[in-house]
**Student:** 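So that we are looking at the same thing, I have put the structure below in structure tokens.
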Number of protein chains: 2
Amino acid sequence: MQFSINRLSFIKALGIVQRAISSKTTIPILTNLLIDVSNSNIQLTGSNADISIQTTISGNNPDHELTISSTGKITLPARFFSEIVKKLPDRELSVEVGDNFQTTIKSGNSEFTINGLDANGYPHLPEVDSEHPIHLPAEIFREVIGQTVIAVSKQESRPILTGVHFTLDHNQLLAVSTDSHRLSQRNVELPKEAEGDYNVVIPGESLKELARMLDGETNAIDMHLSENQVLFTFGATRFYSRLLEGNYPDTSRLVPTSSETQVKFAATDLLAAVERASLLSHESRNNVIKFTIKPADQVVTITGNSPDVGKVEEELTPATLSGADLEISFNPDYMKEALRVFGPIDVEIAFTSALRPFTITPADNHTNFIQLITPVRTF
Amino acid sequence: MQFSINRLSFIKALGIVQRAISSKTTIPILTNLLIDVSNSNIQLTGSNADISIQTTISGNNPDHELTISSTGKITLPARFFSEIVKKLPDRELSVEVGDNFQTTIKSGNSEFTINGLDANGYPHLPEVDSEHPIHLPAEIFREVIGQTVIAVSKQESRPILTGVHFTLDHNQLLAVSTDSHRLSQRNVELPKEAEGDYNVVIPGESLKELARMLDGETNAIDMHLSENQVLFTFGATRFYSRLLEGNYPDTSRLVPTSSETQVKFAATDLLAAVERASLLSHESRNNVIKFTIKPADQVVTITGNSPDVGKVEEELTPATLSGADLEISFNPDYMKEALRVFGPIDVEIAFTSALRPFTITPADNHTNFIQLITPVRTF
């Protein structure tokens with residue numbers, strides 16, 4: 001195996017597959033990356049127990065300055081090899097595998113020889129049927145991920161809740177997450193009906209890593225499913241994740257359909273006030289803040305309290321406020337995370353009672369994106 | 001005690017004194033900051049066991065929008081109070097101390113009440129004689145700190161070596177640091193002779209913190225000494241540090257006066273090559289790289305080796321190279337740190353023998369700034 005390549009192109013591709021590689025793995029060869037050189041391109045693969053990423057550097061793109069002298073495969077220590085490539089002096093570099101998987105990397109006057117491992121010991125990637133993919137604009141999918149991963153459970157006591165539940169009904173893709181204290185639900189209308197049966201739970205951590213890779217250069221993403229794996233393809237990259245096994249709880253009846261008190265705020269103003277109140281709630285044992293809502297006065301008073309440190313009180317004047325008086329207490333961190341994903345728009349909060357979950361939705365659309373927060377009993 | 005002030009001015013002053021405040025202190029009141037309001041200004045103080053910082057917000061500067069309603073002192077939890085001030089909604093804020101040191105902070109519709117502590121419990125700052133200060137351009141002093149703190153010892157086994165040794169001879173200020181493996185020495189010619197006897201060791205950590213505060217806004221700095229304290233004054237700020245007790249070792253005869261092999265490099269080129277070689281030395285138990293110097297070929301070969309991972313070899317062509325052949329091994333991290341402080345200039349390295357310390361100096365001035373590195377015996 002021998003090739004030479006433009007160093008910056010190679011660094012970019014290495015950075016993509018390195019996202020899947022962890023130094024903390026129980027399978028030693030997975031700390032290595034796989035380089036597979038064919039007649040026309042180079043395929044790089046990185047993997048951990050949960051996700052695998054594969055990307056192809058095509059010989060057809062002149063920017064890659066790829067010259068392949070002989071084909072073959074090798075695995076090399078990923079972190080160390082990437083550090084070397086980043087620090088090499090020249091515009092190009094060459095890689096050549098010699099006896100006993102010893103690999104020589106040359107650039108300018110610099111010559112590294114490092115110990116590789118036999119590529120035959122590297123695990124095979126799962127086979128995923130690539131028929132009937134769901135085709136999505138990358139920007140929309142990144143938005144869906146950002147809106148749902150916040151409510152994914154961080155506790156392993158119920159593993160199924162550490163994922164986002166995706167279901168498809170005709171052309172309606174529904175993504176739901178809940179950690180049993182809050183819920184986030186986003187609906188996307190697909191341009192055309194997708195075929196096949198979609199009802200899967202994708203680990204939140206896989207989705208976060210995927211979202212980081214969907215930068216401005218990526219226009220569209222295809223989602224392929226198998227029984228226990230999902231494959232996302234975009235550009236020259238394939239992103240595999242395992243699926244979570246088990247039945248996701250039925251969340252369809254959790255979202256209330258009516259409310260007693262409705263209040264509208266600019267999300268950024270409310271976020272700033274909740275952040276201030278949470279400074280004090282964070283210092284107390286039970287991390288809660290209180291909304292005191294008085295429609296007659298058109299005022300919502302936010303209070304936070306810590307017996308040791310002090311207290312905070314702030315009166316907010318909402319854009320609109322209607323319905324019944326209410327005092328309600330809740331975890332401010334849930335509301336902060338919820339408000340941040342809305343960005344600079346108006347939101348409506350709809351309350352039923354002091355002990356029933358309340359919803360936060362965009363003020364101009366109460367169905368496409370719904371966040372639900374369960375209050376805390378303080379009396 | 002009651003005042004109102006422009007929030008951004010107050011945040012800036014809080015940021016200055018907070019540099020001295022640590023949440024890990026054995027004296028509880030030092031987690032608080034001291035606010036002392038007089039008729040014309042506000043003085044803020046933060047301190048830990050080693051350094052104390054005091055800054056004054058003058059009522060004469062209209063940008064501060066300072067209105068003092070009543071004078072007095074209070075101490076408030078520093079981290080928490082700063083977080084509140086940063087998140088307040090309005091351009092201004094007001095602070096008022098009530099009964100039992102309860103302090104009310106108001107801004108816009110937001111009102112915090114937090115528990116303060118009696119300012120009489122706050123320790124007094126040391127008295128430092130402010131006669132005969134050394135007056136220095138701030139930029140030069142920051143440079144001196146940056147050049148010497150790298151060689152300060154990180155080990156507490158010989159506490160005196162964790163500081164930088166400053167001595168004054170007529171108008172020559174000499175700063176020296178050594179961790180016994182390397183040494184850094186910088187000489188500064190003062191514009192005029194300073195009076196008094198200067199022979200002090202200032203903790204490296206204090207100097208690093210001070211250097212971070214000397215931004216582009218600071219033109220000059222005054223250095224005042226007492227028996228066991230040093231006080232730096234600049235702008236509206238006073239920076240106190242304890243001095244290290246004990247005799248600093250005599251370093252005057254450590255720097256060799258002659259050499260057998262002399263080589264000149266662009267510091268940045270050499271740094272890049274040493275960084276590459278250190279990738280491998282870092283993977284081996286004894287972190288050393290080797291220079292093989294052949295004046296007849298005008299070549300310096302750098303090699304790094306790790307039995308487990310691999311090896312690297314790079315041939316460098318220096319700007320000039322003269323003297324005897326040499327093979328010499330040393331810790332690449334010492335050379336990397338040394339080369340970084342030179343910036344993009346040419347440096348001369350002067351070697352005596354494989355087991356004697358070598359010097360690195362600017363190619364155009366071998367006396368003002370000298371770094372010394374002790375090689376490692378590998379045979």
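Residue numbers begin at 1 in each chain, while the letters A, B, ... track the order of the sequences. Note that this is a predicted model, so its numbers are computed, not measured.
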**Student:** With a 4.5 Å cut-off on heavy-atom pairs, point out which of A:Glu283, A:Arg276, A:Lys311 contacts chain B the most.
**Tutor:** A:Arg276
**Student:** Can you tell me if A:Arg7 uses its side chain to pair, donor with acceptor, with the backbone of A:Asp90 under 3.5 Å?
**Tutor:**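 Such a contact is found between A:Arg7 side chain and A:Asp90 backbone.
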**Student:** Pick from B:Thr103, B:Leu279, B:Thr317: which one has the most heavy-atom pairs with chain A under 4.5 Å?
**Tutor:** B:Leu279
**Student:** What verdict does the salt bridge (charged side-chain N to carboxylate O under 4.0 Å, His left out) test give for A:Glu327 and A:Lys290, after you've listed the backbone C-alpha separation in whole Å, the side-chain angles of each residue and the deciding distance to 0.1 Å?
**Tutor:** CA-CA 7 Å; A:Glu327 279 196 19; A:Lys290 188 170 78 177; 3.5 Å; yes
**Student:** Side chain, backbone, both or neither: which part of B:Asp308 has an atom under 4.5 Å from a heavy atom of chain A?
**Tutor:**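 The backbone, not the side chain.
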**Student:** State whether A:Arg340 and A:Glu275 are salt-bridged, where the test is any N-O pair (Lys NZ or Arg NE/NH1/NH2 against Asp/Glu carboxylate O) under 4.0 Å.
**Tutor:** yes
**Student:** Considering only heavy atoms and a distance below 4.5 Å, find which of B:Pro77, B:Gly116, B:Ser110, B:Gly310 pairs most often with chain A.
**Tutor:** B:Ser110
**Student:** Which region of B:Gln102, side chain (C-beta onward) or backbone (N, CA, C, O), has a non-hydrogen atom less than 4.5 Å from a non-hydrogen atom of chain A, or is it both or neither?
**Tutor:** neither
**Student:** Apply side-chain contact (heavy atoms from CB on, under 4.5 Å) to B:Leu14 and B:Leu44, showing your working.
**Tutor:** CA-CA 7 Å; B:Leu14 285 172; B:Leu44 303 179; 4.0 Å; yes
**Student:** Quick one: of B:Leu316, B:Asp269, B:Asn109, who has the most non-hydrogen atom pairs under 4.5 Å with chain A?
**Tutor:** B:Asn109
**Student:** Using a 6.0 Å cut-off, check whether atom NZ of B:Lys106 has over 12 heavy atoms from anything other than its own residue.
**Tutor:**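 Count not over threshold, so no.
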**Student:** Salt bridge or not between B:Lys87 and B:Glu83? Use side-chain N to carboxylate O under 4.0 Å.
**Tutor:** no
**Student:** Among A:Thr104, A:Asn115, A:Leu280, who wins on heavy-atom pairs under 4.5 Å with chain B?
**Tutor:** A:Asn115
